[in-house]
Amino acid sequence: MAESEEDRHLKLTGDFDCDPTPLSTLRHSTSHVMAQAVKRLFPEVKVAIGPAIEDGFYYDFAKGEPFTPEDLARIEDVMREIVKADIPFERQEMSRRDAIAFFRERGERFKVEILEGIEADRVSLYKQGDFIDLCRGPHVARTSELKAFKLLSSSGAYWRGDEKNPMLWRIYGTAWLTQADLDQHLWRLEEAKKRDHRKLGRELDLFDFYDVAPGAPFWLPNGMILVRELEKFARERLDAQGYQEISTPMLVNKKLWEQSGHWELYRDNMFQLEVEGEIFSLKPMNCPEASYVYKRSLRSYRDLPLRFSEMGRDHRNERSGTLTGLVRVRQFTQDDAHLFCRPDQLQDELTALLDLVREWYKTFDLQPSYKLATRPEKRLGTAEQWDNAESSLEKALRGNGLAFEMDPGGGNFYGPKIDIDVRDALGRGWQVATIQVDLTMLPERFQLEFIDTDGQPKRPVVIHRAIFGSYERFIGIITEHYAGAFPTWLAPVQARVLPVSEKFIDYARTVHRRLRDARVRAELDDRNEKLGYRIRDAQVRKVPYMLVVGGREAEQGTVSLRPRTGEDRGAVALDRVVADLTAEIASRAADLTAGRS
RNA sequence: GCCGGGGUAGCUCAGAGGCAGAGCAACUGAUUCGUAAUCAGUAGGUCGCGGGUUCAACUCCCGCCCCCGGCUCCA
């Protein structure tokens with residue numbers, strides 16, 4: 001992982017510990033003004049740290065009682081007074097020793113602790129009016145520059161993120177350069193609430209959770225359609241790429257996990273149970289068992305690469321407080337694969353894999369971004385192996401014309417990797433795919449071999465990769481991305497036939513049957529309700545197409561086509577509607593184009 | 001796991017020691033309807049679970065489970 005803004009903030013070392021861009025500076029200054037307001041209202045409170053973060057800022061405070069929503073409103077009022085007073089931010093420097101004395105005298109124990117933990121001889125402080133804080137800066141010139149901000153929430157947070165440390169109270173806020181940006185951000189927060197996959201999952205009957213199985217979804221018929229369509233999508237692509245699908249046991253003897261190293265490093269996250277005196281565990285990952293499949297026979301250099309894919313159902317005993325809808329679960333299904341190749345094949349495999357990833361996400365209108373994580377300090381394997389693996393990953397990225405960030409030292413101890421985030425329709429990032437080169441872990445621990453051209457056994461390189469990441473999380477992501485209005489190929493119900501009145505039920509049945517025969521997931525809504533009611537219902541259920549049929553349509557063999565976008569595409573011949581819909585579904589098109597002239 | 005907030009009808013939520021409530025959804029009937037909500041009626045509950053206090057607990061106390069927002073972790 002690259003150092004986070006929080007980490008840099010805490011260390012106060014280097015030239016620019018805090019991101020000096022105008023927006024980050026503004027947010028950072030806003031957090032100082034918030035701390036100033038808090039100290040005015042609650043003089044006994046001690047301050048910890050307050051960095052800029054994505055979309056805003058926070059500040060942590062030591063205080064007996066939590067902040068209430070009313071407190072936040074009062075703090076915000078005081079902040080606006082401070083802004084109005086147009087106070088300058090003033091920088092001053094002092095020796096670290098003096099700074100320690102300065103903050104100790106004020107009882108600011110957290111500042112003292114930070115200062116004691118750093119190496120710099122001199123440090124900077126920033127002062128605005130009656131508030132002074134240890135800070136690397138930079139800051140805006142005057143408080144009047146803060147125009148568009150809002151406090152959002154308060155919650156507990158540990159000092160330095162360590163649960164053994166005291167709990168502090170954190171206030172989150174957001175700040176922007178303009179009111180329009182702030183309004184836009186607040187709109188996105190509102191919109192995100194409306195799109196919450198937990199809410200939509202219930203409303204659209206996709207999945208549900210019951211307290212008998214925390215962290216594990218029950219897939220309802222509608223949601224299972226999504227699972228099946230995604231599986232079908234994945235299998236089509238992997239079949240075309242020469243993958244071979246396997247499936248390995250979920251309940252596995254502890255011996256395997258001792259061999260793989262999971263028992264030592266990951267045991268706390270594994271569900272264990274005893275069977276006839278032996279300890280078994282539900283698999284948290286699929287790699288060790290894929291190695292068994294590899295090892296099943298003697299492999300020649302000619303057999304490689306071997307690409308074993310698996311819809312691996314994994315269980316991880318996540319701490320109860322971390323579970324969140326489909327995004328963080330205890331049972332999930334990875335679209336996993338392990339590619340076993342010769343070192344000289346690594347480059348081509350990675351290039352093909354990135355091409356696959358790039359194409360994959362086009363279907364969902366999700367924008368991927370790539371991060372190359374290189375060798376960490378603690379690692380296994382030779383410099384030559386690492387050089388080869390890192391340059392192969394980089395060449396694969398460049399070969400595909402992909403922009404990427406570097407994450408120096410962020411790789412696994414067994415090899416470098418590329419992590420892939422996607423940005424959704426609201427601009428939120430989600431980690432989905434990962435491509436990890438494994439130089440040593442599986443190859444060494446499981447003694448993987450192939451017989452090379454010289455007749456000697458050699459170690460293959462393994463690539464661990466997942467593209468959706470997990471079906472559960474991915475469905476959570478796309479539910480929010482599409483706001484539940486899935487493209488036709490994914491929509492649980494693709495079309496609803498709505499007879500204008502029961503007089504036209506026969507023709508409606510014919511239309512319905514034609515659609516079903518063409519494998520369109522269609523429903524007939526012949527309920528005893530007015531057309532307007534049934535249209536509204538289909539709309540609320542986000543059904544892509546409504547096919548309204550009455551006398552005119554029955555006579556002419558047409559349907560009146562109304563996509564959920566609200567347009568009226570008028571009377572379209574039934575044959576054409578069926579053809580358009582099947583084409584739209586087969587091509588996994590993003591837009592609703594059937595019947596568009 | 002920790003901190004804070006919650007759990008009352010399918011959903012959204014009100015109620016606070018003394019008869020369990022509303023809107024929407026559901027069901028039944030009437031209406032036969034042309035592009036986002038027809039009218040009327042009916043039914044619906046172990047107030048998360050267990051214990052305690054009390055003449056009486058959805059309400060107060062204790063323990064547990066689950067959910068939400070964070071911390072930490074993460075596909």
Side-chain angles (χ1 to χ4, degrees), chain A residues 1 6 58 60 65-69 152-172 193 196 198-199 202-203 205 208-215 266 268-269 284-286 312 314-336 419-421 430-434 436 464-474 476-477 498-505 526-541 546-553 560-564 566-571:
Chain A
M1 269 277 297
E6 287 98 312
Y58 67 77
D60 287 344
E65 297 295 311
F67 292 100
T68 65
L152 296 174
S153 61
S154 158
S155 66
Y158 300 102
W159 168 233
R160 294 194 145 156
D162 188 332
E163 66 194 36
K164 292 195 265 314
N165 286 335
M167 175 75 69
L168 307 172
W169 297 108
R170 173 172 298 180
I171 300 177
Y172 283 98
K193 253 187 232 168
D196 189 316
R198 295 166 292 192
K199 176 169 135 61
R202 200 171 44 237
E203 288 171 3
D205 298 318
D208 210 348
F209 288 90
Y210 297 92
D211 57 11
V212 290
Y266 206 71
D268 288 347
N269 279 299
M285 296 170 193
N286 314 301
D314 298 339
H315 293 78
R316 297 183 187 173
N317 191 3
E318 307 290 356
R319 301 166 91 184
S320 57
T322 65
L323 303 176
T324 308
L326 290 177
V327 171
R328 190 72 188 278
V329 288
R330 285 197 175 128
Q331 173 193 284
F332 60 98
T333 312
Q334 284 188 302
D335 65 320
D336 206 358
D419 281 332
I420 298 152
D421 281 9
W430 306 89
Q431 224 242 277
V432 282
T434 185
Q436 310 188 355
H464 308 245
R465 49 109 288 187
I467 304 184
F468 284 137
S470 87
Y471 284 88
E472 288 78 4
R473 176 178 286 184
F474 191 73
I477 292 168
L498 309 178
V500 167
S501 83
E502 70 187 26
K503 283 186 231 154
F504 310 107
I505 187 84
D526 58 355
R527 285 177 296 177
N528 180 13
E529 296 289 351
K530 288 175 71 174
L531 180 62
Y533 176 92
R534 286 174 288 144
I535 288 191
R536 178 182 149 77
D537 187 66
Q539 194 73 42
V540 169
R541 305 287 298 186
M546 293 158 238
L547 282 56
V548 177
V549 297
R552 296 195 294 273
E553 291 80 6
S560 182
L561 194 61
R562 183 194 194 281
R564 69 180 166 213
E567 311 153 55
D568 184 355
R569 293 205 180 142

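Numbers restart at 1 for each chain; the letters A, B, ... are given by sequence-line order, proteins then strands.
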Using whole Å, what does the distance between atom P of nucleotide B:G4 and atom CD1 of A:Ile171 come to?
16 Å
For nucleotides B:G7 and B:U53, find the distance between their C1' atoms and express it as a whole number of Å.
23 Å
Assess whether one donor atom and one acceptor atom, taken from the side chain of A:Arg202 and the base of B:C11, lie less than 3.5 Å apart.
no
salt_bridge(A:Asp196, A:Arg198) N-O dist < 4.0 Å:
yes
A:Ser560 side chain: which of B:A75, B:C67, B:U35 is closest?
B:U35
In whole angstroms, how far is the C1' atom of B:U35 from the CG atom of A:Leu547?
12 Å
Check whether the side chain of A:Arg319 and the base of B:C71 form a donor-acceptor pair under 3.5 Å.
no
Give A:Gly532 one of three labels, base, sugar-phosphate or nothing, depending on what nucleic acid heavy atoms sit under 4.0 Å from its own.
sugar-phosphate
Report the distance from atom CG of A:Asp537 to atom P of B:U38, rounded to the nearest whole Å.
11 Å
Whole-Å gap separating C1' (B:G1) and CZ (A:Arg328):
12 Å
Starting at CH2 of A:Trp169 and ending at P of B:C2, how long is that distance when rounded to a whole Å?
14 Å
Taking CG from A:Leu323 and P from B:G6, how many angstroms apart are they, rounded to a whole number?
21 Å
For B:G1, give the paired nucleotide (Watson-Crick: N1-N3 plus N6-O4 or O6-N4; G-U: N1-O2 and O6-N3; both under 3.5 Å), or none.
B:C71
If you only use heavy atoms from C-beta on, which nucleotide in B:C66, B:A75, B:U38 is closest to the side chain of A:Phe332?
B:A75
Provide, to the nearest angstrom, the distance between the CZ atom belonging to A:Arg536 and the P atom belonging to B:G34.
19 Å
